[in-house]
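Because the structure is predicted, anything quoted here is derived from the model rather than measured.
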Protein chains: 2
Amino acid sequence: MLKIDAGSAVPVYEQLKRQIKLRIVSGRYPSDHRMLSIRQLASELTINPNTIAKVYRQLEGEGFLMSKTGSGFFVKLEKEQMGTTRRKLLAELTDEFISRVVELGFTPDELINTLSEKLERKSADDQT
Amino acid sequence: MLKIDAGSAVPVYEQLKRQIKLRIVSGRYPSDHRMLSIRQLASELTINPNTIAKVYRQLEGEGFLMSKTGSGFFVKLEKEQMGTTRRKLLAELTDEFISRVVELGFTPDELINTLSEKLERKSADDQT
DNA sequence: ACGATTGTACTACTTTGCTATTACAGTGGT
DNA sequence: ACCACTGTAATAGCAAAGTAGTACAATCGT
């Protein structure tokens, strides 16, 4: 079940987009899987259908969904594409992160160190 | 000299804030350094004084500046605080990055790998 | 062929973020 | 004490983002 936090600063359509993208990229929504219809999902989440439409259309533009007028939206991502798509997503996020951090005058060493330290601590917490 | 890209998607006040913060944190603007007055900087950059005021006030709120009504804004960051402040900034950015990436289902290994690879490639480019 | 369901397109309203304008109040040098 | 400088505060204008409402067109099952 998808969840929306209405009070959040990140807009509703953005929250939805991330969640759906994750489910597609992780294989939980396989290729040719039919998405809930715009109106169905809208009434489930108690938000405007147009917001759902926006999300679906954007995901279509990014190559994750395909629309068939009259019958619904379908997942488009083939299993073979999943790897490269995941890599591309990660690359984008990483590039943005690096540029922002470098902009603040940090060195690559500092970057790697704090990141790996945080990840170690995180995995320790997760196991506890 | 501070530079503003008027056509950029990131708002003017945000561009300014980042640049000034960098100069303070890197020590280029030492403690007790007097900033250009709101109106001076505004006329130099050909933008509205109120935008500068907003930047200064926010930086004051984050503990980088101090205002003295009638005489100007002054850098507040002591040399001893620079280290911890820098670390804190980096930690915030890193946490946000990690949470967004984990949200997309990536493993710590993938993360470290792409990051270090990108950094290596970057340093190679910078030297060329 | 019909009716229910699907996506689509257009419009409009509301809110928010950003910037601009103006008038006010405190400080400091001379 | 004055005057030119400083920050402050309050207001308004503008554009963009986000969401909502309504009418339309294509599909599919029966």
Side-chain angles (χ1 to χ4, degrees), chain A residues 2-21 24 29 31-77 96 100, chain B residues 2-21 24 29 31-77:
Chain A
L2 298 165
K3 278 175 192 170
I4 295 300
D5 175 10
S8 166
V10 302
V12 173
Y13 85 95
E14 188 67 29
Q15 295 182 45
L16 258 186
K17 210 172 134 186
R18 289 186 191 172
Q19 291 181 56
I20 295 176
K21 195 183 286 186
I24 295 176
Y29 290 165
S31 202
D32 292 330
H33 169 80
R34 181 178 173 281
M35 303 294 292
L36 282 181
S37 84
I38 289 177
R39 290 175 181 77
Q40 275 183 328
L41 185 52
S43 81
E44 269 196 21
L45 301 177
T46 331
I47 60 183
N48 193 280
N50 224 327
T51 303
I52 312 284
K54 181 178 183 178
V55 171
Y56 281 1
R57 269 181 23 207
Q58 289 196 6
L59 286 172
E60 183 185 23
E62 297 179 26
F64 295 97
L65 294 180
M66 219 186 87
S67 93
K68 281 188 192 171
T69 303
S71 46
F73 274 91
F74 297 85
V75 174
K76 196 187 174 188
L77 195 64
E96 189 189 331
R100 287 201 58 189
Chain B
L2 298 165
K3 278 175 192 170
I4 295 300
D5 175 11
S8 166
V10 304
V12 172
Y13 86 95
E14 188 67 30
Q15 295 182 45
L16 257 186
K17 208 172 136 185
R18 291 186 190 172
Q19 291 181 56
I20 294 176
K21 194 185 287 186
I24 295 176
Y29 290 165
S31 201
D32 291 330
H33 169 80
R34 181 178 172 279
M35 303 294 292
L36 281 181
S37 84
I38 288 177
R39 289 175 181 78
Q40 275 183 328
L41 185 52
S43 80
E44 268 195 23
L45 302 177
T46 333
I47 61 184
N48 194 280
N50 223 329
T51 303
I52 311 284
K54 181 179 184 178
V55 171
Y56 280 2
R57 268 179 26 206
Q58 288 195 7
L59 286 172
E60 182 184 25
E62 297 178 27
F64 294 98
L65 294 181
M66 221 188 87
S67 91
K68 282 187 191 169
T69 304
S71 47
F73 275 91
F74 297 85
V75 173
K76 197 186 174 187
L77 194 64

Engineer: Is the shortest heavy-atom distance from the side chain of B/Asn48 to the side chain of B/Val12 under 4.5 Å?
Structural biologist: no
Engineer: Does a side-chain N or O of A/Thr69 approach OP1 or OP2 of C/dT6 to a distance below 4.0 Å, or not?
Structural biologist: no
Engineer: Take atom CD of B/Glu14 and atom P of C/dG17, then tell me their distance rounded to the nearest Å.
Structural biologist: 13 Å
Engineer: A/Leu36 or B/Gly70: which one's nearest nucleotide on DNA chain C is closer to the 5' end?
Structural biologist: A/Leu36
Engineer: Counting neighbours of CZ on B/Arg57 that are heavy atoms of other residues, nucleotides or ligands and sit closer than 6.0 Å, is the number greater than 12?
Structural biologist: no
Engineer: At what distance, to the nearest 0.5 angstrom, does CG of B/Leu36 lie from CD1 of B/Ile52?
Structural biologist: 9.0 Å
Engineer: Is A/Glu96 salt-bridged to A/Arg100, cutoff N-O under 4.0 Å?
Structural biologist: no
Engineer: Output a table of donor-acceptor pairs, distance under 3.5 Å, between side-chain atoms of residues 2-11 of chain A and any protein atom two or more places apart or on a different chain; print 'none' if there are none.
Structural biologist:
unit_1, atom_1, unit_2, atom_2, d
A/Asp5, OD1, A/Gly7, N, 3.1
A/Ser8, OG, A/Val10, N, 3.1

Engineer: Does anything in residues 40-66 of chain A come within less than 4.0 Å of DNA chain C? Heavy atoms only, and list the residues if so.
Structural biologist: A/Gln40, A/Asn50
Engineer: To the nearest 0.5 Å, what is the distance between CD1 on B/Ile38 and NZ on B/Lys54?
Structural biologist: 13.5 Å
Engineer: Return the CD to CD distance between B/Glu14 and B/Gln58, rounded to the nearest 0.5 Å.
Structural biologist: 7.5 Å
Engineer: Separation of A/Lys68 atom NZ from C/dT5 atom C1', in whole Å?
Structural biologist: 16 Å
Engineer: For DNA chain D, note the earliest and the latest nucleotide, 5' to 3', having some atom under 4.0 Å of a heavy atom belonging to chain B.
Structural biologist: D/dT6 to D/dA10
Engineer: Could you state the CZ-P distance from B/Arg39 to C/dT27, rounded to the nearest angstrom?
Structural biologist: 16 Å
Engineer: Could you tell me the separation between the CZ atom of B/Phe64 and the CG atom of B/Leu77, rounded to the nearest 0.5 Å?
Structural biologist: 6.5 Å
